[in-house]
Amino acid sequence: MSRRIRPRNALYAQSGGPTPVINATACAVIEAARKARGRIGKVYAARYGIIGALTEDLIDTGRESAAAIARLREAPGSAFGSCRFKLEPLDRDRSQYERLIEVFRAHDVGYFFYNGGNDSMDTAWKVSQVSAALGYPVVCIGIPKTIDNDLPLTDSCPGFGSVAKYVATSMREAGLDVASMYRTSTQVFVLEVMGRNAGWITAACGLAADSPDSAPQILLFPEVPFDEARFLARLREVVERIGWCAIAVSEGLRGADGKLLLESGYRDAFGHVQLGGVAALVARLVGERLGYKRHWAVADYLQRAARHLASRVDLDQAYRLGTAAVKLALEGRNGVMPIVVRASDQPYRWKVGVAALKDVANREKKLPPEYITADGFHITPACRRYLAPLVVGEAYPRFRDGLPDYVTLRNHPVPKKLARDFKI
């Protein structure tokens, strides 16, 4: 007779900045784990990401109804809370890993799913490797999530397609606004979008331009060193020809010396410089050097919270990768991440693949040179072919009284079993 395998519990955690579709991945993980009853016991979530795992602040998702979990597909933000917290190397601080294993052991966690970006995949990789070394093997699966679209190996990252749709839509609409009033009002509009080192979101703004003279006429990428003289010459040429200009700029714009044009001086928990304000800098430069009337805006959290304008393709990828993560865990595929593999552009076809976390952690996928025009100010047809399928389809949430009606989970805490607290 075959020996029955005892079901072990699963722990899911969200990390980093939210996306419009990260909760769709959470939905998929929980729904797939519930269907695996007999293989997976309870499904917990860590409150505020890896911090919740370290402090034994866990949520019992089993106390949520199937209907409430299903509605996560429509919800922005991070339903269980997120964080920016990077585990120290094992040789520098062993206590963090020992604490994780202590919590896992206390709650019989055999599967750990970490949903995040570059630094989060580093955390997932570390946990996948050290758990066995510390005497408590855990199957650890990373699940991609980042609006920056800069995780390697996966063709696209869940979250990016929806942000691309939002910024391209915003740029097209703002461009029509500026074009209608430039003779007596704003002549130059500057939109700042996220992207520390990779210009994928800036490139997505370029989708709005359906003709050479439509917005945005100029894109400023972090991959292209900012040359003030060249920029001002191009801007002058556009304004003299059509009367106005719309510009999209990455928050991570750098000069020829490789330094960020604008840094706030504050660093987050991952050690990254807090960015923001480059649109104001560019707009001020335009006014001082050329005297044009100008206006600027920062998409900021709006771009990553805009679930009302999510891409259907993006939503489907977020959900399917969450489902795939559970399948990989049940197969015992420790230290891996489900990825998007593109099969064709037109018609757009894709499938789920698998990448090793060690090949993803702490690596960035920047905008390829062939996606940027020779002058450095716009996207090429190849880039447009890559981007276009990712923004296709609408996935509107339900509305009530004219506004989106998003679910709020009860997030019941799991009783603590450990006597010792852990300080972060």
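These numbers come from a predicted model, not from an experiment. Residue numbers run from 1 in the order of the sequence given.
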Angle between ring planes, Trp200 versus Tyr386, binned at 30° and 60°: parallel, tilted or perpendicular? tilted

Shortest non-hydrogen pair, Ala355 vs Val360, comes out as CB-CG2, 4.2 Å

Residues Glu102, Arg105: salt bridge by 4.0 Å N-O rule: no

Is any side-chain heavy atom of Ile141 closer than 4.5 Å to one of Val336? yes

At what distance, to the nearest 0.5 angstrom, does CG of Leu153 lie from CE of Met121? 12.5 Å

Measure the CZ-CD1 distance between Arg8 and Ile40 for me, rounded to the nearest 0.5 Å. 11.5 Å

List the steps and the verdict of side chain to side chain contact (heavy atoms under 4.5 Å, CB included) for Phe377 and Val224. CA-CA 9 Å; Phe377 289 125; Val224 180; over 6 Å; no

Criterion side chain to side chain contact (heavy atoms under 4.5 Å, CB included) on Glu364 and Asn118, from CA distance to verdict: CA-CA 7 Å; Glu364 288 182 310; Asn118 306 78; 3.8 Å; yes

Atom pair CG (Asp148) and CZ (Arg304), whose distance is rounded to the nearest 0.5 Å: 10.0 Å

Could you work out, with side-chain hydrogen bond (donor to acceptor under 3.5 Å, both in side chains) as the rule, every residue matching Gln129, not counting sequence neighbours? none

Residues Glu370 and Ala382: closest non-hydrogen pair is O-CB, 4.2 Å

Is the ring pair Tyr12/Phe80 parallel, tilted or perpendicular, if the boundaries are 30 and 60 degrees? perpendicular

Do the non-hydrogen side-chain atoms of Asp375 and Arg230 ever get within less than 4.5 Å of each other? yes

Can you tell me how far CZ of Phe221 sits from CD1 of Ile372, rounded to the nearest 0.5 angstrom? 5.0 Å

Salt-bridge contact Glu74-Arg398 (side-chain N to carboxylate O under 4.0 Å): yes

Hey, do the aromatic rings of Tyr136 and Phe104 have their centres closer than 6.0 Å? no

Determine, for Asp210 against Arg172, whether the closest basic-nitrogen to carboxylate-oxygen distance falls under 4.0 angstrom. yes

Kindly indicate whether a cation-pi arrangement holds for Arg420 with Phe422, taking the cut-offs as under 6.0 Å to the six-membered ring centre and within 45° of the axis. no

side-chain contact (heavy atoms from CB on, under 4.5 Å), paired with Arg37, selected from Arg39, Lys35, Arg34: Arg34

Please determine if Arg312 forms a cation-pi arrangement with Tyr348, meaning its NZ or CZ atom is less than 6.0 Å from the six-membered ring centre and no more than 45° off the ring axis. no

How long is the span from the CG atom in Leu253 to the CG atom in Leu261, to the nearest 0.5 Å? 5.0 Å

Does a side-chain heavy-atom distance below 4.5 Å link Pro338 with Leu328? yes

Assess the residue pair Tyr301 and Met194 against the criterion (side chain to side chain contact (heavy atoms under 4.5 Å, CB included)); give the C-alpha distance rounded to whole Å, side-chain angles, the decisive distance to 0.1 Å, and a yes or no. CA-CA 9 Å; Tyr301 285 6; Met194 289 181 174; 4.1 Å; yes

With rounding to the nearest 0.5 angstrom, report the CZ to CZ distance, Arg284 to Arg294. 9.5 Å

Taking atom types as modelled and ignoring hydrogens, do the side chains of Asn197 and Arg254 form a donor-acceptor contact shorter than 3.5 angstrom? yes

Taking the basic N atoms (NZ, or NE/NH1/NH2) and the acidic carboxylate oxygens, is any pair closer than 4.0 Å for Asp150 and Arg196? no

Heavy-atom closest pair (Ile147 atom, Pro20 atom, distance to 0.1 Å) is CG2-CD, 4.4 Å

Between Phe189 and Ala174, the two heavy atoms sitting closest are CE2-CB, 3.6 Å

Basic-acidic side-chain contact under 4.0 Å: Asp405, Arg71: yes

